[in-house]
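We count ligands from 1, going down the list as the structure has it; atoms in each ligand are counted the same way. Count residues from 1 along the sequence.
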Amino acid sequence: MNSGPGNLNSAKAEPLPLVAVIMGSDSDLTTMKPAIEVLEKFGITVEVRILSAHRTPLEMVRFGEEAQAKGIKVIIAGAGGAAHLPGMIASLTAIPVIGVPVQSKALNGVDSMYSILQMPGGIPVATVAIGGGLNAGLLAAQILATANSNIYEQVTAYRQSLHQEVITKDKKLVDLGVKNYMSQMHNT
Ligand code: RP5
């Protein structure tokens, strides 16, 4: 994370943030954390902010207007319920916006999902699954990877690790059989 507003770590100097992860409330932080973690794992500096479309609309507008000049290349915006933050940010800047529907209590995030993905023509928001913070972070990294071979290699290595994980599990399942495999699953 960077040393600007929202940084939860130290104030030491870091490269300028390329990705902003913004959310409507601190209650969204658990959903957004995997996005922040995977970007930081790839060495990408992230600006993290709480900006509510309803409770702090003017701060949201200021952020949207200033994002391009600050060097932000991708914005990940998470919100739940009447989830207007991703769409409003997309209306304020031409920086690509990835929307993360946060799982809501009343409607399990279906409300968040429809609020985010049913954008009018001309103002797109790329929407990931309900609770899809990890994929939002990976998609942001993949967008940056189109112009950065180091990030491209890291995303490719990440995918190879997923591939290897499944190969290892498949071999173990074949070796142990379903019953033993499942009893080991329950013991770990
Ligand atoms: C939205 O309302 C936020 O994105 C959050 O998901 C939801 C609930 O916010 P809190 O009442 O938990 O602050 O604006």
Side-chain angles (χ1 to χ4, degrees), residues 1-11 14 16-42 44-144:
M1 289 179 217
N2 77 328
S3 55
N7 181 14
L8 304 177
N9 291 331
S10 70
E14 277 186 44
L16 288 173
L18 294 177
V19 178
V21 174
I22 65 176
M23 63 207 84
S25 169
D26 62 351
S27 63
D28 301 328
L29 203 43
T30 310
T31 302
M32 305 309 284
K33 197 163 163 252
I36 299 162
E37 286 175 340
V38 79
L39 288 162
E40 291 186 338
K41 179 179 145 99
F42 295 156
I44 299 164
T45 306
V46 183
E47 177 176 358
V48 184
R49 301 286 303 274
I50 298 166
L51 294 165
S52 170
H54 307 116
R55 294 166 177 157
T56 60
L58 298 183
E59 286 78 2
M60 175 199 67
V61 169
R62 191 175 317 127
F63 175 85
E65 287 176 342
E66 292 174 354
Q68 207 266 340
K70 285 195 295 189
I72 300 289
K73 304 292 183 218
V74 185
I75 297 171
I76 299 172
H84 297 140
L85 179 65
M88 287 309 300
I89 282 292
S91 76
L92 292 162
T93 175
I95 296 170
V97 175
I98 302 169
V100 182
V102 172
Q103 186 158 9
S104 57
K105 285 193 192 112
L107 297 170
N108 288 324
V110 174
D111 44 354
S112 324
M113 178 186 71
Y114 285 145
S115 300
I116 295 174
L117 63 78
Q118 290 291 26
M119 287 297 290
I123 311 292
V125 170
T127 310
V128 295
I130 297 168
L134 174 63
N135 270 1
L138 289 167
L139 183 55
Q142 288 177 227
I143 292 169
L144 296 176

| query | Does S112 use its side chain to pair, donor to acceptor, with the backbone of G81 at less than 3.5 Å? | reply | yes
| field | Side-chain heavy-atom pair I76, L39 within 4.5 angstrom cut-off | value |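 In short, these two side chains touch, coming nearer than 4.5 Å.
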| Beyond-backbone contact of I98 with I143, side-chain heavy atoms, under 4.5 angstrom | yes
| message | Is it the case that over 12 heavy atoms from other parts of the model lie below 6.0 angstrom from the NZ atom of K70? | response |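 Counting other residues, nucleotides and ligands, NZ of K70 exceeds 12 neighbours.
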| said: I'd like to know whether CD of Q68 has more than 12 heavy-atom contacts from other residues, nucleotides or ligands below 6.0 angstrom. | reply: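 No, CD of Q68 has 12 or fewer neighbouring heavy atoms, counting only those of other groups under 6.0 Å.
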| task | Take I89 and F63 through the test side-chain contact (heavy atoms from CB on, under 4.5 Å) and record every step on the way to the result. | result | CA-CA 8 Å; I89 282 292; F63 175 85; 3.9 Å; yes
| What part of S27, side chain, backbone, both or neither, has a heavy atom within less than 4.0 angstrom of ligand 1? | side chain
| request: Identify, by atom number and element, the atoms of ligand 1 in contact range of A79, meaning under 4.0 Å from any of its heavy atoms. | output: 4 (O)
| field | Nearest-contact summary for atom 5 (C) of ligand 1 - protein heavy atom, Å | value | D28 OD1, 3.3 Å
| request: Give the residue, atom name and distance (to 0.1 Å) of the protein heavy atom nearest atom 10 (P) of ligand 1. | output: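 So the nearest neighbour among protein heavy atoms is S25 OG, 3.5 Å.
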| Which of these, G81, G80, A82, has its nearest heavy atom closest to atom 2 (O) of ligand 1? | G80
| said: Using heavy atoms and a 4.0 Å limit, tell me yes or no: is R55 in contact with ligand 1? | reply: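 A heavy atom of R55 does come that close to ligand 1.
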| query | Based purely on interatomic distance, does G78 place a nitrogen or oxygen under 3.5 Å from a nitrogen or oxygen of ligand 1? | reply | no
